[in-house]
Colleague: 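Take a look at the following structure, please.
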Amino acid sequence: MEPKYIRNFSIIAHIDHGKSTLADRIMELTNTIDEREEKAQLLDDLKVEQEHGVTVKSRTVRNVYQAEDGHQYEYNFIDTPGHVDFSYEVSKSLAASDGAILLVDATQGVQAQTVANYRLAKKNHLAIIPVINKVDMPSADVEETEEQIIQLDDSLAEEEILKISAKTGQGVKEVLEAIRTRIPAPKGDLKKPLKALVFDYLYNPFLGIIAYVRIFDGQLKSEDQALLMAKKISFQAHEIGFFTPEMKTTNQLSVGDVGYVVTGLKDPQSVRVGDTLTLKNNSAENALSGYEAAQSVVFAGFYPKNNDYPELKNSLAKLALNDPSFHYREEVSDALGPGFRCGFLGMFHLQIIQERLKNEYGLEVLTTAPNVTYRIHLKKNNEVKEITNPTQFPYFNDIDYVEEPMVNATIEVPNELLSPVMKLADQHKGLLVDMDSKAKNTELLYQIPVSEVAYQFFNELKSVSHGYATLDTEDAGYQKADVVKVEVNINYSPIDALSFIVHREDAGRLTQDLVHKLKYSVPRTLYPMPVQAVVEGKALARVDVPPLRKNAAVSGGKKSVSKKQDLLRRQSINKRQAVKNNVALSQEVFNSILELK
Ligand code: GTP
């Protein structure tokens, strides 16, 4: 299709404001799908997405729209995730778009991710169509939402803001027309050599690596010899096509088109997202600017549970291909053997990767306690060491001082809930920087260590504010912190995979809690086992895990002997992990650390 009849756009919003529902309505009105096809939501097809009711991956769909001007248009939309942990997906999608529909839920108004995504769209110079959704709901406050949108962007006129119900379909036709009239057609030169942005990859067990592309210049035909510019990898395109949302083959993709290329490549490590695709024999001179790499915020170790290290390695590579904001590298633990240190954008991201490993690859992993990056200034030569794993924490006497990452956290809370929210921020070492009270809500600005907000904070905030408080965080650099490493000794031997880093002032309380949890989670042996939590060479807390023999013998009789044998048998099976001092480290042991508050 001629580029003037093509529109490429993303749908962006805060979580749950209705992106996927609007996407479904658009596909329906353009007859891309019919109502009967629509199961729950056609686009969120990953199992994790259906289970959590959130979008994790962006989806691309080509629709044919019969416009009011009498012409047919090709509408390529990319539905994006709303959760902050998946914002990297959004930035990738926006780089492939010319415009964005900014969807705002009329019952909630402008929220943290509305603002963040709006800024991302502006940064990418996209035309923005503001749309208020859920106007059918009794609790909708359209006027207030409209005001908030204008506050966000005062160049917008009230008439430009569309009001719809993605659920009932009210107003969605106007959105389709606005896309045509307000979003520019793709620019580009058909005669120039091919230049296409690879904005996503998918690993297909039968077809190998599939690249998702947006064509900026030139043309790609099936069976062309193509070239990925970053690592100069060439391949013959096995198949090209577009999504409806299923894959549909075509003969060519031209300027402005969004589609896929089956590369035939098999090695996930040979390619990277943000690369430029061109033709081997008629190459573009320069690559497109691509993306900045995502910075991991939370790190944790993944260790194979069932001696399936090679499978795990393979699967992580495929997952990282599909999700370039997930990072991993190999590491070896004394206690657990070979595994991986993984980097995530947040705890929800960690959880989703764990679940995708299980759902899509049938793999379960042992996950160690998560931590952030620390900058350690050593006494010797003013050396600075950045560590992402507690095992790398230097000997305490060698340390001059440590810095930890901070965030500026903006919390908006209804006035009547101010006190519990401030108490919570205080418990998490938040430093109140600013406070702005409005009629109904107060906006609080805190400086908080990432280690305090990254794990449980969001859930706790939701709970103390009954879901009404919102949280937006922004990187605030590093700050000096008094932190120490806690080592866990079992039978007087340190278990490296169980060490973690905490603020010194919390060490006493947390280590007491920890040993009491470990008393029940460390598997028992035939002998009593001391468990100690050690900080800077001193045992701050200790507990003895009682022996198995005593327990089994206490009840006496024949039955108990078989029970005991059974326990012993189970215990030996449990030694799948590299076992030190007869301690099998189960996920429960790691959870003892994870659940500390
Ligand atoms: P994420 O992808 O997880 O960010 O969510 P989303 O923005 O895609 O939201 P989704 O489309 O999944 O909608 C969230 C919930 O709001 C669902 O239960 C929808 O049925 C509901 N919903 C969406 N649009 C409307 C609407 O216009 N009116 C009403 N009443 N409900 C709506």
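Note that ligands are numbered from 1 as they come in the structure, with each ligand's atoms numbered from 1 the same way. It should be emphasised that the depicted structure is a prediction, and the values quoted were computed from it without experimental measurement.
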Colleague: Give the numbers and elements of all ligand 1 atoms closer than 4.0 Å to a heavy atom of Ser165.
Modeller: 26 (C), 27 (O), 28 (N)
Colleague: Can you establish whether the number of heavy atoms outside Glu158 located under 6.0 Å from its atom CD is more than 12?
Modeller: no
Colleague: Mind checking salt bridge (Lys or Arg N to Asp or Glu O under 4.0 Å) for Arg180 and listing every partner two or more places apart, or none if nothing turns up?
Modeller: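 If we apply the salt bridge (Lys or Arg N to Asp or Glu O under 4.0 Å) test to Arg180, skipping adjacent residues, the hits are Asp69, Glu177.
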Colleague: Looking at ligand 1, does any of its N/O atoms fall within less than 3.5 Å of an N/O of Ala166?
Modeller: yes
Colleague: Can you list the ligand 1 atoms lying under 4.0 Å from a non-hydrogen atom of Ile15?
Modeller: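 Taking each heavy atom of Ile15 in turn, ligand 1 has 3 (O), 4 (O) under 4.0 Å.
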Colleague: So does Asp98 pair up with Arg214, basic N to acidic O under 4.0 Å?
Modeller: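 Yes, Asp98 and Arg214 are salt-bridged.
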Colleague: Do any N/O atoms on Gly18 end up under 3.5 angstrom from N/O atoms on ligand 1?
Modeller: yes
Colleague: Which atoms of ligand 1 have any heavy atom of Ser20 under 4.0 Å away?
Modeller: 2 (O), 6 (P), 8 (O), 11 (O)
Colleague: Taking the six-membered ring for Trp and the full ring for Phe, Tyr or His, determine whether the centres of Phe344 and Phe326 are under 6.0 Å apart.
Modeller: yes
Colleague: If we check side-chain hydrogen bond (donor to acceptor under 3.5 Å, both in side chains) with Asn8, which of these qualifies: Thr60, Asp257, Asn76?
Modeller: Asn76
Colleague: Within a distance under 4.0 Å of any heavy atom of Asp136, pick out the atoms of ligand 1 and give their elements.
Modeller: 26 (C), 27 (O), 28 (N), 29 (C), 30 (N)
Colleague: In chain order, what residues pass the ring pair (Phe, Tyr, Trp, His ring centres under 6.0 Å) check against Tyr212, with sequence neighbours excluded?
Modeller: Phe243
Colleague: Heavy atoms only: which of His17, Gln170, Lys134, Lys167 lies closest to atom 15 (C) of ligand 1?
Modeller: Lys134
